[in-house]
Amino acid sequence: MNLKELWQTVLGEVELTISKASFITWFKSTKIHSKKNGIITVSAPNGFTKEWLENKYNKLIFKILRNNSPDIKEIQFVIGDEKKSVDTTNKTVPKIMPSNIGDQLNFQEFNFNKETNLNPKYTFDNFVVGSFNELAQAASRAIVDHMGTMYNPLFIYGGVGLGKTHLIQAIGNELFKKHPTKKIKYLSAEKYTSELIDAIQKKGMDSFKNKCNKIDALIIDDIQFIAGKEKTQEEFFHMFNSLYQQNKQIIISSDKPPKSISTLEERLRSRFEGGMIADISYPDLETRTAILKNKIEEKKINISDDVVNYIASNIQNNIRELEGALNRVMAFAQINKTTPNIKTVPQILSQIINAPKKKTNYKNIFKTVADFYDIHINDLIDKSRKKELVHPRQITMYLIREELNSSYPYIGEKLGGRDHTTVMYACQKIRKEIVDNELFQQEINLIKERIYN
């Protein structure tokens, strides 16, 4: 595997691990510069990206590199062409076995609109609609015809890899097409925060504010990342108010609804809840199949229906993982010059589909629930009957029962010595609420994702 293919493998696996916004922000224009004596040199486009990769993603990148090239001992990060690129790897591409395949076709050269930060590949035409996302899609389409006057702000939430970024960028691309003179801007919450910090450090806040106030449609991805950042929330609040009062369109995505974002200021939560809130849940089998066929048609490749059905049936909760599995199959077929079939695909995808389920414990469930509802762990054990504490406490009981299969007396003991009948009642109540309330079911699923991530 040469250096370019090795880095494509890294990028493919990283994209399945982090949010789309983070992937675009920190991995665009990166590459392996050289490999010498077991040391990999990775180049970043600027100093800020270099520092972020070193501090936040070093371990993840190193782990993926080692899995694909065990001789690697160290990673170094440089800016641009600080070091001369020397490819010391064998130029002959070896036959790659299924266990070593990354998502080598998952990374393409980014073609972003520099004015809007939008990726033109995200459109309504290639966004597959199903019962799991039809409300969010309908609201998004309505905004294009009623910019700033309907569903403002639009707040779309859902789990990782379900298509939020695709949908909000599709709105932006359609608005840009329909209103070419309007200023449309897409930013991840992390990018917004980094630009704000940069403006503060360089004493350029007036310029930063003026630039923000000229935006006609602001699209912010992964807003949950500003939670707990007081200065960022304060500045975002003022910008939000300024744009809103001028009937400028605001579109926001998050991994959970406003009420569940811990350490989010109440005034911001109130603003978010004042608009249209739409969720994206998990796609059904038919929709997953349609998404795969859409990608196959887009890439003009030949894959049989039984292979498509196998992938769609075995990867159920994440569209990004679904596409990653397809890319893995395509990469194997291309490199080995074979046609994927139902006999080889299970082996190719064995690492994804047969990966052992992550384990957890009651302490982790305690912490996850407490963080999710922005309360202290001790509040779950406390005897208080306040509604805002009772409900998370019952959810904790339910999750310990469901995820750990613990006995009712054991759960009662861990939650402050409560009677087992109290635990039984709580579990029954939460099960019924999940069946009766689809939004609550999504909330429970989001908590479960956090437990195992």
Checklist entry - Is a donor on one side and an acceptor on the other found under 3.5 Å between the side chain of Asn364 and the backbone of Thr360? => result no
Checklist entry - What is the distance from atom CG of Asn361 to atom CD of Glu403, rounded to the nearest 0.5 Å? => result 12.0 Å
Item to check | Cationic N near anionic O, under 4.0 Å, Lys50 to Glu54 | outcome: yes
Checklist entry - Counting distance only, does the side-chain N/O of Asn294 pair as donor-acceptor with the main-chain N or O of Ala290 below 3.5 Å? => result no
Item to check | Aromatic ring proximity, centroids under 6.0 angstrom, Phe127 and Tyr122 | outcome: no
Next on the checklist: What verdict does the side chain to side chain contact (heavy atoms under 4.5 Å, CB included) test give for Thr338 and Thr344, after you've listed the backbone C-alpha separation in whole Å, the side-chain angles of each residue and the deciding distance to 0.1 Å?
Outcome noted: CA-CA 10 Å; Thr338 61; Thr344 59; over 6 Å; no
Checklist entry - Excluding sequence neighbours, so at least two apart, what forms side-chain contact (heavy atoms from CB on, under 4.5 Å) with Asp216? => result Met147, Lys182, Lys183, Lys248
Item to check | Between Thr165 and Asp221, a side-chain donor and acceptor under 3.5 Å | outcome: yes
Checklist entry - Got a sec, which residues hit side-chain contact (heavy atoms from CB on, under 4.5 Å) with Lys367, two or more places apart in sequence or on another chain? => result Asp371, Ile377
Checklist entry - Does NZ or CZ of Arg271 lie under 6.0 Å from the centre of the six-membered ring of Tyr244, at an angle within 45° of the ring axis? => result no
Checklist entry - Considering the options Ile223, Leu154, Ile250, which one meets the side chain to side chain contact (heavy atoms under 4.5 Å, CB included) requirement together with Phe272? => result Ile223
Next on the checklist: Please enumerate all residues that pass ring pair (Phe, Tyr, Trp, His ring centres under 6.0 Å) together with Phe440, with sequence neighbours excluded.
Outcome noted: His391
Item to check | Name of the residue among Asn173, Asn117, Leu175 meeting side chain to side chain contact (heavy atoms under 4.5 Å, CB included) with Ile184 | outcome: Leu175
Item to check | Donor-acceptor side-chain pairing of Ser207 and Asn210 below 3.5 angstrom | outcome: no
Next on the checklist: Under the criterion salt bridge (Lys or Arg N to Asp or Glu O under 4.0 Å), I'd like the reasoning laid out for Glu443 against Lys259: C-alpha separation, chi angles, the key distance, then a yes or no.
Outcome noted: CA-CA 11 Å; Glu443 198 166 306; Lys259 67 175 183 177; 3.8 Å; yes
Next on the checklist: Using 0.5 Å steps for rounding, measure from the CD1 atom of Ile61 to the NZ atom of Lys56.
Outcome noted: 12.0 Å
Checklist entry - side-chain hydrogen bond (donor to acceptor under 3.5 Å, both in side chains) between Ser242 and Gln246: does it pass, once the steps are laid out? => result CA-CA 7 Å; Ser242 175; Gln246 299 174 69; 3.2 Å; yes
Item to check | Over 12 foreign heavy atoms within 6.0 Å of NZ, Lys191 | outcome: no
Checklist outcome for this item: From the list Tyr186, Phe236, Phe240, Phe225, ring pair (Phe, Tyr, Trp, His ring centres under 6.0 Å) partner of Tyr192 resolves to Phe236
Next on the checklist: Please enumerate all residues that pass side-chain contact (heavy atoms from CB on, under 4.5 Å) together with Asp279, with sequence neighbours excluded.
Outcome noted: Tyr157, Ser281, Leu439, Gln442
Item to check | Donor on one side chain, acceptor on other, Thr123 and Asp125, under 3.5 Å | outcome: no
Checklist entry - Would you say the side chains of Lys35 and Ser69 form a donor-acceptor pair under 3.5 Å? => result yes
Item to check | Of all pairs that satisfy side-chain hydrogen bond (donor to acceptor under 3.5 Å, both in side chains), the ones with a partner from residues 225-234, not counting sequence neighbours | outcome: Lys231-Glu235
Checklist outcome for this item: For residues 145-155, the side-chain hydrogen bond (donor to acceptor under 3.5 Å, both in side chains) pairs (sequence neighbours left out) are Asp145-Lys178, Asn152-Gln249
Checklist entry - Between Arg269 and Glu273, is a salt bridge (Lys or Arg N to Asp or Glu O under 4.0 Å) present by the stated rule, with each step listed? => result CA-CA 6 Å; Arg269 195 190 319 274; Glu273 290 178 342; 5.6 Å; no
Checklist entry - Quick one: is the NZ or CZ of Arg267 closer than 6.0 Å to the six-membered ring centre of Phe237, and within 45° of its axis? => result yes
